[in-house]
Undergrad: 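Have a look at this one.
Lettering follows sequence order; numbering is per chain, from 1.
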Amino acid sequence: MLKIYSIYKQLYTAYGSQGWWPLVGHAGTNPTKTGAVQGYHVGDYSFPRNRAEQFEICLGAILTQNTAWLAVEKSLLNLKNINALTPEAIMQLREDAFKTAIRPSGYHNQKARYIKNFIPFFQGLGDRVPTREELLNIVGIGPETADSMLLYAFGQPEFVVDAYTKRILVALGLIAENATYAGVKQLCEEALQKEITDPKKLVPIYQEFHALLVEHAKRYYAKKPYGQNDSLLRAG
DNA sequence: AACCAGGACGTGA
DNA sequence: TCACGTCATGGT
C-alpha cells in the first residue's frame with residue numbers, strides 16, 4: 001500500500017464524503033464541519049450541473065485565495081442578494097458595488113481585478129474545457145486556483161495542492177519543507193494513479209482527497225506546531 | 001490581541 | 001530561480 005493512498009483511505013474512513021465544492025445556490029446537506037455553513041453535496045458528484053454552478057465554483061476559487069471559506073460564502077451570498085452571481089451581471093455592476101459585495105473575502109481590490117480578468121475568458125470558453133496553461137496565463141490565477149477550477153468546475157483529473165496539503169505531508173515526512181507545488185502535485189497524482197485502476201474514479205477521489213486534507217488540517221494543522229496533535233495520521 | 005485563512009503577483013538579488 | 005513584501009477583512 002502506497003503511503004499517499006492509505007492517507008486518503010484513513011481520512012475518508014474518519015470523515016466521510018465532504019461534499020465539495022460547496023455552492024450557495026444549492027441547498028445541500030450540511031454535515032458538521034469546521035467553518036462553512038451551506039451548499040455542500042455529500043456523496044453527490046454530479047456537480048456542476050449547469051453553467052451557473054460552474055461559474056460560481058470558479059468565482060469561489062479566486063475569492064478563497066488565502067481566505068477562510070466562511071468569508072467567501074458571505075461574499076457569494078452578497079452577490080446572490082443583488083442578483084449578481086453571473087459573469088454578465090458582475091461586468092455590469094458598478095465597481096464600488098462589486099468591491100463592497102466581495103469585501104468580506106479580503107483583498108477586494110486585487111480580487112475584483114482578478115475576477116474581471118477571468119470573466120471574459122470564461123465567457124469565451126463556451127462548452128470548451130480550458131487548458132491549465134490558459135488559466136495560468138490569466139493574471140490572478142496561479143497553480144492552486146487553476147487546479148481547483150479544473151478539478152471542481154471542469155471535472156478534470158488535476159490534483160489540488162494547498163498550504164494544508166504541504167503541512168500534512170511535511171509532518172508525515174513524505175515531502176521536504178521546501179517542496180514545490182509541482183513536486184507535491186506529481187507525487188500525489190502518481191501515487192493515486194497507481195492505486196486507482198478505474199479512470200472514472202480519479203476525479204471524485206481527487207475531489208474528496210483535497211477536501212479531506214483541508215478538513216483534517218483545520219482540526220490538527222491550524223496552529224503551530226503543526227500536526228503535533230494529529231492523533232489520526234501520526235498514529236499510522 | 002496576536003495570529004491566520006482552501007494564494008498570487010511584483011520586485012530585486 | 002527564489003526569498004520577500006504586499007494585498008485586506010474577519011474569525012478565533
Side-chain angles (χ1 to χ4, degrees), chain A residues 8 11 15 17-24 31 33-41 47 56-79 95-96 98-118 121 132-153 158-170 176-185 188 206-229:
Chain A
Y8 165 72
L11 292 177
Y15 306 132
S17 169
Q18 297 301 296
W20 276 38
W21 188 281
L23 292 156
V24 300
K33 51 172 54 256
T34 53
V37 179
Q38 70 172 60
Y40 294 86
H41 39 91
F47 294 83
E56 187 186 324
I57 294 171
C58 293
L59 195 55
I62 294 174
L63 289 175
T64 199
Q65 290 170 357
N66 200 36
T67 301
W69 182 258
L70 185 61
V72 176
E73 190 178 68
K74 289 178 180 175
S75 298
L76 293 174
L77 289 172
N78 284 342
L79 289 172
E95 184 79 2
D96 60 323
F98 182 47
K99 288 182 179 178
T100 298
I102 66 173
R103 170 174 272 149
S105 303
Y107 312 104
H108 54 274
N109 295 308
Q110 276 194 3
K111 287 176 178 175
R113 194 167 66 246
Y114 292 173
I115 290 166
K116 290 189 175 182
N117 284 342
F118 171 72
F121 173 79
R132 194 166 189 270
E133 287 65 37
E134 284 178 310
L135 291 172
L136 291 176
N137 282 335
I138 299 170
V139 175
I141 301 183
E144 187 189 338
T145 305
D147 287 334
S148 294
M149 289 182 181
L150 288 167
L151 179 62
Y152 291 102
E158 300 284 349
F159 195 85
V160 178
V161 177
D162 68 344
Y164 285 151
T165 306
K166 288 183 183 173
R167 277 183 202 174
I168 292 173
L169 298 183
V170 166
E177 294 185 14
N178 62 350
T180 65
Y181 184 98
V184 179
K185 174 172 172 155
C188 294
Y206 281 10
Q207 291 182 346
E208 287 293 359
F209 200 179
H210 175 63
L212 286 164
L213 286 167
V214 171
E215 176 62 23
H216 184 63
K218 281 178 177 174
R219 301 186 186 210
Y220 301 107
Y221 293 80
K223 49 181 185 281
K224 298 178 181 178
Y226 300 132
Q228 195 178 43
N229 58 342

Undergrad: Any chance the rings of A:Tyr221 and A:Tyr226 have centres within less than 6.0 Å?
TA: no
Undergrad: Tell me, which of residues 99-112 of chain A have any heavy atom that sits under 4.0 Å from an atom in DNA chain C?
TA: A:Arg103, A:Pro104, A:Gly106, A:Tyr107, A:His108, A:Asn109, A:Gln110
Undergrad: Looking at A:Glu95 and A:Arg113, is any side-chain nitrogen of the basic one under 4.0 Å from a carboxylate oxygen of the acidic one?
TA: no
Undergrad: Could I get the full list of ring pair (Phe, Tyr, Trp, His ring centres under 6.0 Å) partners for A:His108, not counting sequence neighbours?
TA: none
Undergrad: Carefully, step by step, assess A:Ser75 and A:Asn78 under the rule side-chain hydrogen bond (donor to acceptor under 3.5 Å, both in side chains).
TA: CA-CA 5 Å; A:Ser75 298; A:Asn78 284 342; 5.2 Å; no
Undergrad: DNA chain B: A:Tyr114 or A:Tyr226, which has the more 5' nearest nucleotide?
TA: A:Tyr226
Undergrad: Kindly assign one of parallel, tilted or perpendicular to the pair A:Tyr152 and A:His210, based on the angle between their ring planes and the thresholds 30° and 60°.
TA: tilted
Undergrad: Enumerate, atom names and distances included, each donor-acceptor pair closer than 3.5 Å involving a side-chain atom of residues 176-183 of chain A, sequence neighbours excluded.
TA:
from     : atom 1 : to       : atom 2 : distance (Å)
A:Thr180 : OG1    : A:Gly183 : N      : 3.0
A:Tyr181 : OH     : A:Pro143 : O      : 3.4
A:Tyr181 : OH     : A:Asp147 : OD2    : 2.6
A:Tyr181 : OH     : A:Val161 : N      : 3.3

Undergrad: When you look at A:Ser105 and A:Lys74, which way does the side-chain hydrogen bond (donor to acceptor under 3.5 Å, both in side chains) test go after all the steps?
TA: CA-CA 8 Å; A:Ser105 303; A:Lys74 289 178 180 175; over 6 Å; no
Undergrad: Using whole Å, what does the distance between atom P of nucleotide C:dC2 and atom OH of A:Tyr181 come to?
TA: 17 Å
Undergrad: Got a sec, which residues hit ring pair (Phe, Tyr, Trp, His ring centres under 6.0 Å) with A:Tyr164, two or more places apart in sequence or on another chain?
TA: none
Undergrad: Mind listing the residues from residues 137-149 of chain A sitting with a heavy atom below 4.0 Å of DNA chain B? Number order is fine.
TA: A:Ile138, A:Val139, A:Gly140, A:Ile141, A:Gly142, A:Pro143, A:Glu144, A:Thr145
Undergrad: Can you sort out which residues in residues 57-66 of chain A have a heavy atom within less than 4.0 Å of DNA chain B? Ascending by number, please.
TA: A:Thr64, A:Gln65, A:Asn66
Undergrad: When the P atoms of C:dT6 and B:dG6 are considered, how many whole Å apart are they?
TA: 24 Å
Undergrad: Taking the same atom, C1', in B:dA8 and in C:dG11, what whole-Å distance lies between them?
TA: 23 Å
Undergrad: Output the rounded distance in Å from NZ (A:Lys218) to P (C:dT12).
TA: 11 Å
Undergrad: Taking CD from A:Glu177 and P from C:dC2, how many angstroms apart are they, rounded to a whole number?
TA: 16 Å
Undergrad: What's the gap between B:dT11 and C:dA8 when it is taken at their P atoms, as a whole Å value?
TA: 16 Å
Undergrad: Mind checking the P distance from B:dA1 to C:dC7? Whole angstroms is fine.
TA: 24 Å
